[in-house]
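None of these values were measured; they are calculated from a predicted model.
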Amino acid sequence: MAQPQPQPLPLEGRSAIVTGAGRGLGRAEALELARLGAGVVVNDFGQPGRDGTGEASAAPAEEVAAEIRAAGGRAVAHLGDVADFAQARALVQLAVESYGKLDILVNNAGILRDRMVFSMSEDDWDSVIRVHLKGHFNTTHFAAAHWRARSKEAGGPVYGRIVNTSSEAFLAGSAGQPNYAAAKGGIVGLTTSTALALAKYGVTANAICPRARTRMTEDVFASVPAYQGGAESGEGGLDALSPEHVSPLVGYLASPAAAQVNGQLLVVHGGMVAVAERPRIAAKFDTAKDVFTFEELDGLLTPYYAQRPPNETFGAAEVLGLKHG
């Protein structure tokens, strides 16, 4: 009797880059993509400080790459700052040289420098925007150029997946993180623009808002217990804020199964995935004349906002209450 043939892994024959993959969320994502069959370029700048300070080190990326290879997967390490244009180019080139092509880009690298807006320095602002937003752009730019060139050579669509990392700090508004919230909002704009621009080449681009207990968020979630019921609970179970709750969604979005998912924003943590709806118009006002006057706007907008809940903003603070179950 013939033995059943093993089914190919979802990402078999694919190649991926994961930035900021030496620790935490990026590490979990790199391990998941490798488990699903992808060859992975593990990128990390390796600085010890979550604020982007300290001497760069190849050790975090090398250790994760070695972990993947020890489990039978394919991985190479890349020490580099994705916010540097030339280093981002070299990262994409390494993926192409190592695996023949690039199929998947997961942008995860980031730093934190939290301050209230009135206390934040120019360097605090610039550094966070640089790593998060410019870092996402740099790698996306070179990956997009690679896929466009391949598509032109093939005469049709190719395979490409981008998974970007936004945050609930953008959705809800985070008073002590104006730089981080702004960067994460910019990443959503970059994602939707990229999704529209690259769709004809066979490339999708989506963003996730993950919640995970990592080196970057250890103080943010210090008061949150590891086990809160739901899908995973009890001593010895998986921490509700474990990065391993996030990485399966990244694996899915990187796979052929997600071909129809493009330009989307998904919140993920603790055994739950929520699809965010695009903004909708709440009200519309037309001038009775050729141009609005102060008095007309006062007569229209002041009564409207007087009936709205106090302190309600464009931010969707309700996302912070999402949980499994």
Side-chain angles (χ1 to χ4, degrees), residues 10-11 16-36 38 40-48 50 59-68 70-71 73 75 77 82 104-112 131-132 135-136 161-171 180 184 187 206-228 230-234 236-255 265-274 319-320 322-324:
L11 299 181
I17 289 171
V18 183
T19 71
R23 305 177 179 92
L25 192 57
R27 171 185 172 274
E29 293 166 345
L31 293 175
E32 177 68 5
L33 295 182
R35 187 188 71 81
L36 295 175
V40 182
V41 178
V42 179
N43 161 266
D44 204 281
F45 202 32
Q47 291 174 299
R50 69 174 187 171
E62 291 283 6
E63 288 169 5
V64 174
E67 186 177 357
I68 290 172
V82 294
I104 300 157
L105 171 62
V106 179
N107 285 309
N108 172 75
I111 63 171
L112 284 180
V131 176
H132 287 274
H136 272 63
R161 298 286 186 270
I162 299 173
V163 182
N164 289 331
T165 306
S166 184
S167 171
E168 292 170 296
F170 151 67
L171 285 173
Y180 183 74
K184 293 306 190 180
I187 286 167
N206 295 286
I208 62 171
C209 293
R211 193 186 300 180
R213 199 188 309 274
T214 68
R215 182 179 61 118
M216 279 184 59
T217 62
E218 57 189 0
D219 60 335
V220 177
F221 297 127
S223 62
V224 180
Y227 311 106
Q228 305 179 80
E232 305 288 350
S233 61
L238 189 64
D239 183 350
L241 292 176
S242 168
E244 282 71 26
H245 282 299
V246 176
S247 54
L249 177 61
V250 173
Y252 167 75
L253 292 173
S255 76
L265 179 66
L266 302 99
V267 180
V268 55
H269 56 81
M272 179 221 72
V273 173
V319 300
L320 300 178
L322 291 172
K323 62 181 181 178
H324 177 273

Heavy-atom closest contact ([X] atom, [Y] atom, distance):
{"X": "Glu168", "Y": "Val319", "value": "OE2-O, 3.4 Å"}
{"X": "Gly271", "Y": "His324", "value": "O-CD2, 2.9 Å"}
{"X": "Val131", "Y": "Gly110", "value": "CG1-CA, 3.7 Å"}
{"X": "Ala16", "Y": "Ala38", "value": "CB-CB, 4.4 Å"}
{"X": "Gly251", "Y": "Leu36", "value": "CA-CD1, 3.7 Å"}
{"X": "Ser247", "Y": "Ala28", "value": "CB-O, 3.5 Å"}

Straight-line distance of [X] [atom1] to [Y] [atom2], nearest 0.5 Å:
{"X": "Tyr252", "Y": "Glu32", "atom1": "OH", "atom2": "CD", "value": "14.0 Å"}
{"X": "Arg161", "Y": "Leu33", "atom1": "CZ", "atom2": "CG", "value": "12.5 Å"}
{"X": "His245", "Y": "Met272", "atom1": "NE2", "atom2": "CE", "value": "11.0 Å"}
{"X": "Ile111", "Y": "Phe45", "atom1": "CD1", "atom2": "CZ", "value": "11.0 Å"}
{"X": "Leu171", "Y": "Leu322", "atom1": "CG", "atom2": "CG", "value": "9.5 Å"}
{"X": "Ile17", "Y": "Leu105", "atom1": "CD1", "atom2": "CG", "value": "6.0 Å"}

Any donor-acceptor pair under 3.5 Å linking the side chain of [X] with the backbone of [Y]?
{"X": "His136", "Y": "Thr165", "answer": "yes"}
{"X": "His269", "Y": "Ala240", "answer": "no"}
{"X": "Ser166", "Y": "Lys184", "answer": "yes"}
{"X": "Thr19", "Y": "Asn108", "answer": "yes"}

For Ser242, side chain to side chain donor-acceptor pair (under 3.5 Å) partners two or more places apart: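 With sequence neighbours excluded, Ser242 shows a side chain to side chain donor-acceptor pair (under 3.5 Å) to Glu244, given in chain and number order.
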Side chain to side chain donor-acceptor pair (under 3.5 Å) against Asn206, all qualifying residues, sequence neighbours excluded: none
Intermediate values then yes/no, side-chain contact (heavy atoms from CB on, under 4.5 Å), Val64 and Asp44: CA-CA 10 Å; Val64 174; Asp44 204 281; over 6 Å; no
Identified side chain to side chain contact (heavy atoms under 4.5 Å, CB included) partner of Glu29 from the options Val163, Val40, Ile208: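 When side chain to side chain contact (heavy atoms under 4.5 Å, CB included) is applied between Glu29 and each of Val163, Val40, Ile208, only Ile208 qualifies.
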Val42 side chain near Val18 side chain, heavy-atom distance below 4.5 Å: no
